[in-house]
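Order of the sequence lines sets the chain letters (A, B, ...), proteins ahead of strands, with each chain counted from 1. Any value given below was found using the heavy atoms of this structure, including those in side chains, with hydrogens, waters and symmetry copies removed.
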Amino acid sequence: EAQVTQNPRYLITVTGKKLTVTCSQNMNHEYMSWYRQDPGLGLRQIYYSMNVEVTDKGDVPEGYKVSRKEKRNFPLILESPSPNQTSLYFCASSWSENSPLHFGNGTRLTVT
Amino acid sequence: SQQGEEDPQALSIQEGENATMNCSYKTSINNLQWYRQNSGRGLVHLILIRSNEREKHSGRLRVTLDTSKKSSSLLITASRAADTASYFCATDARRTGGGNKLTFGTGTQLKVEL
């Protein structure tokens, strides 16, 4: 089954404790992207990747890192999480940057 | 600011009625996409309409695009309780510095009551 898999589904952590949210897709998509969703603000892009070893900042990249060492994986790294990063995070992939996106089921992160 | 703005923010209808949601945007686009999100879950792509298209159908969905007014509408006919979800428009436009960017609106929450 074609899918984007994110883990974990829920995560509660404390300020400053490094964490990684994993994302993997099995559709051989070149384009991958991370979004955060906050009430009243819709989805905002954090980082995106056009292909392996090619990543770039989206609209709200501060406090986040990503890597794209393999085509299928695109982890999101929070080196020192802060409470304002409490949000619902989505990973998505597609054939190209203007093709329909396939989304993962989300990771709800709470930083206390 | 958001490229796409949906209207209304929330809509409540009876099963069997039609639901219409609107999306307005600000800049020239390559295409416009509609997505659906069930509560807290990932978004699911519904339909894509290119800038040179005016209308597109997919099952009970009808999307129109008016580039002169920079607006689009999503019509769901004969709605069902299972259509209850949030609906988002997303505009694909040129990104400053090159490439394309998909920007999401804040969504319309649709509730279909039995």
field: Side-chain ion pair, E79(A) and K65(A), N-O less than 4.0 Å
entry: yes

- prompt: Hey, any chance W34(A) and Y31(A) share a hydrophobic cluster, counting ILVMFWY side chains that come within less than 4.5 Å of each other, even indirectly?
  reply: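 No, W34(A) does not connect to Y31(A) through the hydrophobic network.
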
Quick check on [X] against chain B: is it the side chain, the backbone, both or neither that has a heavy atom closer than 4.5 Å?
X: Q45(A); answer: side chain
X: L88(A); answer: side chain
X: D56(A); answer: neither
X: S33(A); answer: neither
X: Q37(A); answer: side chain

Parallel, tilted or perpendicular: rings of F103(A) and Y35(B) (30°, 60°):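 Ring orientation, 0 to 90° scale: perpendicular.
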
message: Parallel, tilted or perpendicular, judged at 30° and 60°: which one describes the rings of W95(A) and H29(A)?
response: perpendicular

task: Please look at Q37(B) and chain A and tell me whether the side chain, the backbone, both or neither of the residue comes under 4.5 angstrom of a heavy atom of that chain.
output: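 Only the side chain of Q37(B) comes within 4.5 Å of chain A.
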
field: Heavy-atom proximity to chain A below 4.5 Å, by part of L48(B)
entry: side chain

message: Any side-chain to backbone donor/acceptor pair from R68(A) onto T55(A)? Under 3.5 Å, distance only.
response: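 No; zero donor-acceptor contacts below 3.5 Å.
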
- prompt: Checking ring-ring contact (aromatic ring centres under 6.0 Å, His included) for the pair F74(A)/Y48(A): CA distance, chi angles, key distance, verdict?
  reply: CA-CA 9 Å; F74(A) 190 45; Y48(A) 65 99; 8.9 Å; no

field: For chain A, the option from N31(B), I47(B), L43(B) that forms the most heavy-atom pairs under 4.5 Å
entry: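 Ranked by contacts with chain A, first place is L43(B).
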
